[in-house]
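Not measured: the values here are computed from a predicted model. Both counts, for ligands and for their atoms, begin at 1 and track the order of listing.
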Amino acid sequence: MKRMRILAIETSCDETAVSIVHFCGEKMIRVVKNLVFSQIPIHQKYGGVVPEVAARSHVAETVSLLTQATGKQQLKSFDAIAVTQGPGLATALRVGIEAARTLTFLSGKPLIGVNHLEGHLASAWLNAQNREKFKFPLLALIVSGGHTELVLMKDFCKYKIVGQTRDDAAGECFDKSAKLMGLPYPGGPHIAQLALDGDPHAFDLPHPMLKDPSLDFSFSGLKTAVRQSWEKLEIKNKKIRKNFAASLQQTIVDVLVEKTIRAAKKFKVNGILLVGGVSANQELRRQMGERIECELKKVTFLPSDRLYITDNAAMIAAAGFWRLRNGDRTNWKTIDAKPEWNV
Ligand code: KG4
Ligand code: ZN
């Protein structure tokens, strides 16, 4: 297959990202540029993402990142443009989409609108070692701020959701609990940091849906239980805070790992992908890896590389490559944001 050079844009939430990735079949992939502007400091003072503020910041940053990434390169030196089309915040998505439409119009190159969740799936494939072991069927646990999903991957571009959250996402549970404890946004990494030397069994929190035979998740009940336990505490010293964070983290990890292992056994998959922002959690990675090694000897563990865990445009380029290779194209004249799009 001839080389394909993709220019990709991601603006679905609170990261503005632009990437240039060269694909030469499956073996040779070169991430030439991977620029990410994180809006986290901007949203921190509000305690969460404010959509209007996010969209305005994307407007300010997208052109600047595009200029930085492309330098003196001519638009015609790219073979395709990829852009996140959804899911995400409508006004934020539209900033990236409008930029991509303009580039497509000017260059005359094909455009591909990419599903952000498929981008997270492709993030695991950007790692060369993982790529070698990408043997379908695969199972993916997508855990991010807005999504907690188990996806059965029958092939590239052929997916089936086999489990999902019925209410809140795991990342949201981390973030809301952290806010309650007075930690900055986004709370996941702060909870993980506090948990490092806490006792994960100090607090007995409920494990939502663990006994339920379905592969679905639910984190809103846990969020409520966390609030009630926290408010009941009379002493909240450093040690208690550490123990509380460790117990919360362990509860979330228990549920995520157990349901993933169950799904992997049920669908007899060859490998398990762990992707999305929450997959940065060390304990989740460690315990998932251990359970797979212990109980699923023939199954390979395929977590995404640290560089591509949180939102970035290299993963959008990779998913765009899967789609373009599949013959998919998006009409630049009619493309619009799909805020609720699922894989
Ligand atoms: O995939 P992502 O960057 O954005 C979305 O598409 O949502 O995920 C962000 C989420 C946030 O909820 C954040 O708290 C969580 O990932 N996160 C973590 C860790 N690092 C990021 N959660 C737990 N432990 C971490 N180390
Ligand atoms: Zn994401």
Worksheet entry | Proximity flag His120 to ligand 1, non-hydrogen atoms under 4.0 Å | yes
A student checking ligand 1 against Ala280 at a 4.0 Å heavy-atom cut-off should list atoms 20 (N), 26 (N)
Per-atom filter on ligand 1: closer than 4.0 angstrom to a heavy atom of Gly171 are 12 (O)
* To do: Could you label the plane-to-plane angle of the His116 and His120 rings as parallel, tilted or perpendicular, counting under 30° as parallel and over 60° as perpendicular?
  => perpendicular
min-distance protein heavy atom vs atom 9 (C) of ligand 1 -> Gly145 N, 3.8 Å
Only one of Thr148, Asp212, Val162 passes side-chain contact (heavy atoms from CB on, under 4.5 Å) with Lys259, and that residue is Asp212
Item to complete: May I ask you to check if ligand 1 and Asp175 share an N or O to N or O distance below 3.5 Å?
Response: yes
Restricting to heavy atoms, the pick from Val278, Ile252, Asn281 nearest atom 15 (C) of ligand 1 would be Val278
Original post:
Using the ring of each side chain (for Trp, its six-membered ring), is Phe203 parallel, tilted or perpendicular to Phe244, with breaks at 30° and 60°?
Top reply: perpendicular
Exercise. State, yes or no, whether a side-chain contact exists between His190 and Pro184 at a heavy-atom distance under 4.5 Å.
Key: yes
_Side-chain touch Leu138/Leu121, heavy atoms, less than 4.5 angstrom_ = no
Numbered in order shown, the ligand 1 atoms found under 4.0 Å of a heavy atom of Gly146 are 7 (O)
query = Taking N or O atoms only and a 3.5 Å limit, does Gly276 qualify as a polar contact for ligand 1?
reply = no
Practice task
Would you indicate whether the side-chain heavy atoms of Ile292 and Thr300 approach each other to under 4.5 Å?
Solution key: no
Under 4.0 Å from one or more heavy atoms of Thr310, ligand 1 contributes atoms 3 (O)
Atom 22 (N) of ligand 1 has as its nearest protein heavy atom Gly188 CA, 3.4 Å
Heavy atoms of Val49 and Pro51 approach each other most closely as O-CD, 3.6 Å
Can you find an N/O atom of Ala192 closer than 3.5 Å to an N/O atom of ligand 1? no
Ranked by distance from atom 4 (O) of ligand 1, the top protein heavy atom is Asp311 OD2, 3.3 Å
Heavy-atom side-chain proximity of Phe37 to Glu15 below 4.5 angstrom: no
So the angle subtended at the Zn ion (ligand 2) by His120 atom NE2 and His116 atom NE2, rounded to 10 degrees, is 90°
Q.
With the threshold set at under 4.0 angstrom, would you say Cys13 reaches ligand 1 through any of its heavy atoms?
A. no
When every non-hydrogen atom of Ile316 is compared with those of Gly119, the smallest separation belongs to CD1-CA, 4.2 Å
So, 2.8 Å as the limit: is an N/O/S atom of His147 located closer than that to the Zn ion (ligand 2)? no
> Is Pro186 in polar range of ligand 1, meaning some N or O pair under 3.5 Å apart?
Replying inline: no
Check your understanding: Does the side chain of Ser218 come under 3.5 Å of the side chain of Asp167 through a donor N or O and an acceptor N or O?
Key -> yes
Counting from 1 in the order shown, the ligand 1 atoms closer than 4.0 Å to a non-hydrogen atom of His116 are 6 (O)
query: How are the rings of Trp125 and Phe321 set relative to one another: parallel (under 30°), tilted (30 to 60°) or perpendicular (over 60°)?
result: parallel
Checklist line | Carboxylate-amine/guanidinium contact Arg94 Glu98, below 4.0 Å | finding: no
query: Got an N, O or S from Cys13 under 2.8 Å of the Zn ion (ligand 2)?
result: no
Atom 17 (N) of ligand 1 sits nearest the protein heavy atom Gly277 O, 3.6 Å
Atom name of the N, O or S atom of Asp311 nearest to the Zn ion (ligand 2) is OD1
